[in-house]
Protein chains: 2
Amino acid sequence: MAPQLDGYFKQVDTSAGKFIERLRQAVAIPSISAEPQRRPDVVRMSKFLEEQLKSIGATVQAHPLGPQPGHPELELPPVLVARYGNDKNKRTVLVYGHYDVQPAEKSDGWNSEPFELTIDEKDRMFGRGSTDDKGPVLGWINAIQAHQEANIDFPVNLMMCFEGMEEYGSEGLEDFIHKEAKQGGVLHGADVVCISDNYWLGTEKPCLTYGLRGCNYYGVTISGPGQDLHSGVFGGSAQEPMTDLVRVLGSLVDTHGQIQIPGVMDMVAPVTDEEKDLYPGIAYSMDNLFESLGSKTSIHEDKDRTLMARWRFPSLSVHGIEGAFAGAGAKTVIPAKVTGKFSIRTVPNIESDKLDQIVFKHVKDIFAKLGSKNTLDVQLIHAGPWWVASPKHWNFEAAGKAVERVFGIKPDFTREGGSIPITITFEQATGKNVLLLPMGSSTDAAHSINEKLDRRNYIEGIKLLGAYLHYVAEEKMD
Amino acid sequence: MAPQLDGYFKQVDTSAGKFIERLRQAVAIPSISAEPQRRPDVVRMSKFLEEQLKSIGATVQAHPLGPQPGHPELELPPVLVARYGNDKNKRTVLVYGHYDVQPAEKSDGWNSEPFELTIDEKDRMFGRGSTDDKGPVLGWINAIQAHQEANIDFPVNLMMCFEGMEEYGSEGLEDFIHKEAKQGGVLHGADVVCISDNYWLGTEKPCLTYGLRGCNYYGVTISGPGQDLHSGVFGGSAQEPMTDLVRVLGSLVDTHGQIQIPGVMDMVAPVTDEEKDLYPGIAYSMDNLFESLGSKTSIHEDKDRTLMARWRFPSLSVHGIEGAFAGAGAKTVIPAKVTGKFSIRTVPNIESDKLDQIVFKHVKDIFAKLGSKNTLDVQLIHAGPWWVASPKHWNFEAAGKAVERVFGIKPDFTREGGSIPITITFEQATGKNVLLLPMGSSTDAAHSINEKLDRRNYIEGIKLLGAYLHYVAEEKMD
Ligand SMILES: [Zn+2]
Ligand SMILES: [Zn+2]
Ligand SMILES: [Zn+2]
Ligand SMILES: [Zn+2]
């Protein structure tokens, strides 16, 4: 039986102005987790959320996480755990979001003040955090409030986990979740998990996300002289670490994205026919890609192969070099010690440890061939695993029905090229299915200048979050 | 007839404490030309020098150079032109030095305050600018003063040109010299030129320097996407400029210093037998090299080949990349536009323009082979020519005799791997022979932390500068 949602939808439309005002207040707080001097603003944002949660009758606990690793003087912002409803006859849904944001300065090139929500004639709501991730976080609060205002029974027990360090590596959160998801913990007892912190593939069609690539990030350090040298004096008499490093970095991947490290591609799961059939129906085009790139410098010529390259094949990117001259102008230095940074996006069935071993071996083999007297060191800087869930799980079925109800169209089932490491933490800690349910669209420019959330995505998104909870309450468990 | 110098030498020893005090006052002024906020200190240093010059009876003019290119609000420090003596029966010697210094902060790793002259138990005088170039600049003033105090007739007319922007590219000086060396200009009428702004090859044996390598500095820019991309989202679907750039940079030179650009080595003048014979006698060893490098990562295994590599063969160094990730940590960026910086040290008979053409062609050929959709641009950022003078000129003969008189040993005739572009400017503008007459030693760490000048090099150096002027006054012109 399809849930009764018309009253709820109508209420969301009626309260839209109030919900946008709430977003305006949230965006006005520059809760930048990466900048120590902004830490009081991050804490202020947690207090604001606490008030909002209490105002709708949720219980809230702010859990301290102790000092920031490496910054003993800097307290981490708290994890907020809120509960709304505690009815043993209802299912319990655990949702996650983050209330911190990326850095932003008007002078970076914003067209408006980044911390003033600015709505243009196309109803695009510009502001840092609008789409990542304050809009979705407030979406859950707004959904509760609209139920209350419309006098509609809330269909589930909602357990909310909102953190303030996501944009700086979610410091401290993984341990917290593992501990609190256990029997007796404040995050125990969820039937399913839902995270709204990613984006539609395009701008028109909603999607449900069931996979993420992982990321193994490496540093290869080559050192020789005891200190930086002047290239006039020592050019020609010293072996130069940069000479060796660019050769090593040049051996990793080619222009067409083919990883040159033997053995990596052998670990990749083959594309099944069933999988292949998923791609043609997905709403995406090469023009979408070109628009995002701001250029036509694509590796592939067709949409399906491009999406596969993003979602289900590994890729290798060279990010830069630490220790070399990186400024403007012309400095004639021979850097003494340089670290090349590169990462590999991982997919099923790449085993992280095995990948490290073949990467280390390749780098050492190439360096050995150079015959250099310099010293090589190659290390894994961090690794986050890939994740794939079953899009056939009843959690996804429920979300799919909610999308169809709100938007009148079946969602695309997508994966993401990037990683959201907390996804797999929730899956492992709770043992439950995790759904990624995006609110914003591909043009929202999270992490860039002029971040925005379209009014439509926000308001229809609030409807979607509420509808999803109704369908989750009714969906037949597998 | 050898000049009478004993009285002068004795006076220099007698006045040594005063001369060291003068150096202490000069070092105390942090005349860092690269830092706009230090500009008043650079100007203060010019005033200090002016006073010192006037106190010994020299006439001084401070020539303004106008605003700093690219910094309309920042006035360049003046060029000081001083004259001591105006006797038509004496020869006129033009000397050059600079009163600005490299940046320095105690926190860079100095063992003492960089702007407090600190003398240790080995009579090493530590302080920024001690050897580069305040010691030599004051050397000329001290030489005049010692003549006065010992009542010895000064043997030449001395024309002194001291600038305050050497460590920031000698902004404005080249035009000034070309203009003022002409008939009627304040630098007109020199018979020879002497520059004391380089170093002995080792620590024991003085040298005279007759050659410098040039430097052509290039930037190769590869661009593709309209803005930096996230490697999770776009890794595998966009062609990455860094992938192309490390391959291009890896094609330039090998670990053993062999330049891989076709045609460069063909332009290098062959080593003559006569030239080959100069090397075995030069006081230098592989241990000297290893000590300077702080490692044993040399390209060559023997001294002669090492010195030739430094002085008379070209070398290619990769300095770094602008636009890529250069910080600590692990940023997962795909840089949209990256510029690799490399330079080639040039020697006779490399023609600068021809070199540019073959470098551009090589870079374009390698890039074309990659088959990339990205865009390549390669440019010359700056070029300074190589320089070789005749070490048989009477200016060098006079200096050689002065070295033998002061140190009891014949100097090594050396070249430098680096460039001192103003050398060739003086040669071209005056049409006269230019001698590089170093005061400091190879261990002085100019441009590094713990820069120093040994007391012996300073005091015997003052004797040398004075003695040189006496021999120049008497030497038979070619
Ligand atoms: Zn986010
Ligand atoms: Zn984010
Ligand atoms: Zn200098
Ligand atoms: Zn210098």
Side-chain angles (χ1 to χ4, degrees), chain A residues 213 215 217 224-227 230-233 235-240 242-244 246-247 249-250 253 255 257 289 293-295 297-300 306 309-310 313 315 317-322 324-328 330-335 341 343 345 370-374 381-382 417-419, chain B residues 213 215 217 224-227 230-233 235-240 242-244 246-247 249-250 253 255 257 289 293-295 297-300 306 309-310 313 315 317-322 324-328 330-335 341 343 345 370-374 381-382 417-419:
Chain A
R213 291 198 291 186
C215 183
Y217 199 110
Q227 67 290 323
H230 188 286
S231 67
V233 182
S237 44
Q239 292 190 344
E240 304 187 15
M242 272 296 277
T243 301
D244 294 343
V246 293
R247 296 198 149 205
L249 295 177
V253 63
T255 295
L289 176 68
L293 295 183
S295 71
T297 54
S298 66
I299 288 179
H300 306 288
T306 293
R310 178 186 300 188
F313 283 113
S315 62
S317 296
V318 179
H319 306 295
I321 298 174
E322 182 180 352
F325 173 51
K331 191 172 170 185
T332 56
V333 67
I334 297 175
K341 310 277 180 79
S343 67
R345 296 285 162 175
L370 299 179
S372 177
K373 296 177 185 171
N374 291 318
I381 296 179
H382 75 64
S419 56
Chain B
R213 291 198 291 187
C215 182
Y217 199 110
Q227 67 290 321
H230 188 285
S231 68
V233 182
S237 44
Q239 292 190 344
E240 304 188 14
M242 271 296 278
T243 301
D244 295 342
V246 293
R247 296 198 149 204
L249 295 178
V253 62
T255 295
L289 176 69
L293 295 183
S295 71
T297 55
S298 66
I299 288 179
H300 306 288
T306 293
R310 179 186 299 190
F313 283 113
S315 62
S317 296
V318 178
H319 306 295
I321 297 173
E322 182 180 352
F325 172 52
K331 192 173 169 184
T332 55
V333 68
I334 297 175
K341 310 277 181 78
S343 68
R345 295 285 162 175
L370 299 179
S372 177
K373 295 177 185 171
N374 291 319
I381 297 181
H382 76 66
S419 57

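Residue numbers start from 1 in every chain, and the chains themselves are labelled A, B, ... in the order their sequence lines are given, proteins ahead of strands. What's counted below: heavy atoms across the whole structure, side chains too, no hydrogens, waters or symmetry copies.
A distance of 10.0 Å separates CE of Met242(B) from OG of Ser317(A), quoted to the nearest 0.5 Å. Residue Arg247(A) holds its CZ atom at 12.0 Å from CZ of Arg247(B), rounded to the nearest 0.5 Å. With rounding to the nearest 0.5 angstrom, the OG atom of Ser231(A) is 8.0 Å from the CZ atom of Arg213(B). Atom-to-atom distance recorded for Asp244(A):CG and Thr255(B):OG1 is 4.0 Å, nearest 0.5 angstrom. If you take NE2 on His230(A) and OG on Ser419(B), they are separated by 6.5 Å, rounding to the nearest 0.5 Å.
For Lys331(A), the NZ atom sits in a loose shell: 12 or fewer heavy atoms of surrounding residues, nucleotides or ligands are nearer than 6.0 Å.
The residue among Ala309(A), Gly327(A), Gly257(A) with the most heavy atom pairs within less than 4.5 Å of chain B is Gly327(A). With chain A as partner, the option from Gly294(B), Ser343(B), Gly235(B) having the largest number of non-hydrogen pairs under 4.5 angstrom is Gly235(B). Among the candidates Thr332(B), Leu289(B), Asn374(B), the residue making the largest number of heavy-atom pairs closer than 4.5 Å to chain A is Thr332(B). Chain A forms the most heavy-atom pairs under 4.5 Å with one residue out of Thr306(B), Leu249(B), Val233(B), and that residue is Val233(B). Listed options Gly417(B), Ser237(B), Gly418(B), Cys215(B) were ranked by heavy-atom pairs under 4.5 angstrom with chain A; first place goes to Ser237(B).
For Tyr217(A), the part lying near chain B is the side chain, with the backbone staying farther off; criterion is any non-hydrogen pair under 4.5 Å.
Nearest heavy-atom pair across Ala238(B) and Leu293(A) is CB-CD2, 3.7 Å. Heavy-atom minimum distance, Ala324(A) versus His319(B): CB-O, 3.6 Å. When all heavy atoms of Pro225(A) and Ser295(B) are compared, the closest pair comes out as CA-OG, 3.5 Å. For Ala330(B) against Ile381(A), the heavy-atom pair with the smallest separation is CB-CG2, 4.0 Å.
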